[in-house]
Amino acid sequence: MNDISNKIEEMKFSPMEISDKDFQRLANFIQSNYGIDLTKKRQLITGRLSTSIRQKGYKNFAEFVEHLIRFKDENEVTLVLNKLTTNYTYFMREKDHLDYFCKNIIPSIVNKHKKDKTLSIWSAGCSTGEEPYNISMFLFDYLGTQAKEWDTRILATDISERALTAAQKGIYELPDTLPTGWKNKYFTDNKDGYHTVSSQVRNNVIFQKFNLMDPIKFRRKFDVIFCRNVMIYFDNPTKDALVQRFYDATLPGGYFLISYSENLSNKSPYKRLAPATFQK
């Protein structure tokens with residue numbers, strides 16, 4: 001009896017095998033619909049999806065892949081995207097990059113819009129929300145008492161519903177790298193080691209589910225687009241096509257920011273201003 005129990009437990013936690021055919025079908029489906037390149041992620045797929053697939057009642061990957069592709073079941077798609085993409089981010093990520101944004105880009109766009117007092121900023125691939133909240137805090141710091149006169153609302157999008165749900169809650173364990181005074185100014189202490197973003201900051205961010213493979217048809221073009229640590233999942237043709245769509249959605253003179261770990265190809269229409277910082 002113990003041997004049988006052990007075998008069942010072993011089966012629960014051991015990765016399922018995926019055939020070459022099903023692996024290729026899954027990789028093609030995810031790449032063509034969501035831009036994510038899984039061609040070198042076979043072990044990641046089996047390791048991260050096996051337990052969830054079993055829990056949903058599938059006997060093997062063949063059943064799961066067939067159902068996913070045939071019905072494009074939103075729950076199953078969400079499962080794959082949540083399991084295979086990393087929603088890891090934090091406040092003040094790549095501080096030097098944010099310093100450049102504060103010292104050079106914010107003054108530029110504020111000066112440009114001093115008449116209409118409306119800024120248009122997009123955090124594309126916002127993950128769990130730290131980036132757009134971070135941007136809002138910098139804007140409020142810069143504008144000071146004049147912030148009430150401005151529309152600084154930030155569009156924050158992600159393909160992961162799980163990440164967006166966490167972002168909208170705005171509850172975080174804060175790092176020691178926050179600027180002086182921010183903890184008291186922009187957060188409420190929950191008394192359990194976590195802090196909640198203030199309503200002022202949360203109300204400045206509009207969260208929306210969006211697939212970066214879709215056409216970009218928002219009402220306004222953007223002064224600044226942040227897309228940091230997102231395109232690492234894409235192959236070069238997919239990335240080039242996305243950068244062109246970002247360019248078309250950027251206002252003349254507007255800015256495009258990626259992460260230090262990424263590069264744009266020679267096909268990029270943006271001009272480089274500084275590391276990971278570009279302008280139309």
Side-chain angles (χ1 to χ4, degrees), residues 87 89-95 97-114 116-144 146-161 163-172 178-179 182 185-187 195-212 214 216-230 242 245-247 249-251 253-259 276-280:
N87 302 124
T89 187
Y90 49 90
F91 287 102
M92 302 303 295
R93 187 173 192 177
E94 296 184 340
K95 184 179 179 301
H97 202 201
L98 293 174
D99 285 344
Y100 186 93
F101 170 71
C102 292
K103 293 174 183 176
N104 298 280
I105 297 178
I106 291 180
S108 170
I109 60 176
V110 166
N111 183 61
K112 181 179 179 180
H113 290 285
K114 58 187 175 184
D116 61 58
K117 289 182 166 49
T118 299
L119 303 181
S120 184
I121 299 175
W122 178 15
S123 172
C126 66
S127 188
T128 47
E130 287 92 333
E131 179 176 89
Y133 289 142
N134 226 162
I135 297 166
S136 295
M137 294 169 197
F138 281 125
L139 291 172
F140 289 152
D141 269 11
Y142 183 83
L143 292 169
Q146 296 181 34
K148 296 177 184 177
E149 302 170 18
W150 284 75
D151 181 354
T152 58
R153 287 175 297 172
I154 294 165
L155 174 66
T157 67
D158 204 277
I159 199 169
S160 169
E161 291 182 355
L164 289 172
T165 297
Q168 288 168 325
K169 290 178 180 176
I171 300 172
Y172 304 100
L178 282 181
W182 269 25
K185 189 176 182 181
Y186 296 124
F187 296 89
H195 289 72
T196 300
V197 177
S198 69
S199 58
Q200 175 199 19
V201 175
R202 272 187 291 146
N203 292 339
N204 199 58
V205 181
I206 301 166
F207 289 105
Q208 183 175 325
K209 186 177 180 181
F210 183 72
N211 183 354
L212 290 175
D214 290 343
I216 297 172
K217 295 181 178 179
F218 295 113
R219 185 167 55 87
R220 296 198 313 231
K221 293 193 175 184
F222 296 95
D223 295 297
V224 188
I225 297 176
F226 284 80
C227 188
R228 305 196 300 168
N229 299 290
V230 175
L242 176 58
R245 292 199 297 280
F246 280 141
Y247 185 83
T250 305
L251 286 166
Y255 302 88
F256 179 52
L257 283 72
I258 62 175
S259 74
T277 307
F278 304 84
Q279 187 173 30
K280 181 170 180 176

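In this text the structure is predicted, and so the values were computed from the model without any measurement.
Closest non-hydrogen pair, Val230 versus Ala124, comes out as CG2-O, 3.6 Å. Shortest non-hydrogen contact noted between Phe187 and Met137 is CZ-CE, 3.4 Å. Summarising the geometry of Ala163 relative to Asp158, their closest heavy-atom pair is CB-OD1, 4.3 Å, with the distance given to 0.1 Å. When all heavy atoms of Asp223 and Lys112 are compared, the pair lying nearest together is OD1-NZ, 4.2 Å. Smallest separation of non-hydrogen atoms from Ala156 and Pro132: CB-CG, 3.7 Å. Across Val224 and Leu257, no two heavy atoms sit closer than the pair CG1-CD1, 3.8 Å.
Using a distance-only test at 3.5 Å, with no hydrogens or angles considered, no donor-acceptor pair links the side chain of Tyr133 to the main chain of Ser198. Using a distance-only test at 3.5 Å, with no hydrogens or angles considered, no donor-acceptor pair links the side chain of Arg228 to the main chain of Ala276. Lys103 places no side-chain N or O within donor-acceptor distance of the main-chain N or O of Tyr100, the cut-off being under 3.5 Å.
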Q: Could you walk me through whether Phe138 and Trp182 pass ring-ring contact (aromatic ring centres under 6.0 Å, His included), step by step?
A: CA-CA 10 Å; Phe138 281 125; Trp182 269 25; 4.9 Å; yes

(Q) For Phe246 and Phe278: C-alpha separation, side-chain torsions, deciding distance, then whether ring-ring contact (aromatic ring centres under 6.0 Å, His included) applies. (A) CA-CA 12 Å; Phe246 280 141; Phe278 304 84; over 10 Å; no

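Ser108 pairs by the side-chain hydrogen bond (donor to acceptor under 3.5 Å, both in side chains) definition with Tyr255, not counting sequence neighbours. Among residues two or more places apart in sequence or in another chain, the side chain to side chain contact (heavy atoms under 4.5 Å, CB included) test is passed with Arg220 by Thr118, Ser120, Asp151. For Lys221, the side chain to side chain contact (heavy atoms under 4.5 Å, CB included) partners are Leu251, not counting sequence neighbours. In this view, Tyr142 and Ile106, Pro107, Val110 satisfy the side chain to side chain contact (heavy atoms under 4.5 Å, CB included) rule, not counting sequence neighbours. A search for side chain to side chain contact (heavy atoms under 4.5 Å, CB included) contacts involving Ala166 returns Thr128, not counting sequence neighbours.
In this structure, CD1 on Ile121 lies 4.0 Å from CD1 on Ile109, to the nearest 0.5 angstrom. Note that the SG atom of Cys126 and the CG atom of Leu164 stand 5.0 Å from one another [nearest 0.5 Å]. From Thr277, atom OG1 reaches atom NE2 of His97 across 3.0 Å, with rounding to the nearest 0.5 Å.
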Validation: residues 201-208 side-chain donor-acceptor distances under 3.5 Å, sequence neighbours left out:
{"residue": "Arg202", "atom": "NE", "partner": "Val197", "partner atom": "O", "Å": "3.0"}
{"residue": "Asn203", "atom": "ND2", "partner": "Ser199", "partner atom": "O", "Å": "3.1"}
{"residue": "Asn204", "atom": "OD1", "partner": "Thr152", "partner atom": "OG1", "Å": "2.8"}
{"residue": "Asn204", "atom": "OD1", "partner": "Arg153", "partner atom": "N", "Å": "3.4"}
{"residue": "Asn204", "atom": "ND2", "partner": "Ser136", "partner atom": "OG", "Å": "3.0"}
{"residue": "Asn204", "atom": "ND2", "partner": "Thr152", "partner atom": "O", "Å": "3.2"}
{"residue": "Asn204", "atom": "ND2", "partner": "Thr152", "partner atom": "OG1", "Å": "3.3"}

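Applying the 6.0 Å contact sphere to NZ of Lys209 captures more than 12 heavy atoms from other residues, nucleotides or ligands.
Put simply, the side chain of Gln200 reaches to within 4.5 Å of the side chain of Tyr186, judged on heavy atoms. Residues Trp150 and Lys117 have side chains in contact (heavy-atom distance under 4.5 Å, counting atoms from C-beta outward).
A cation-pi arrangement is present between Lys280 and Tyr247, with the terminal nitrogen or guanidinium carbon under 6.0 Å from the aromatic centre and inside a 45° cone about the axis.
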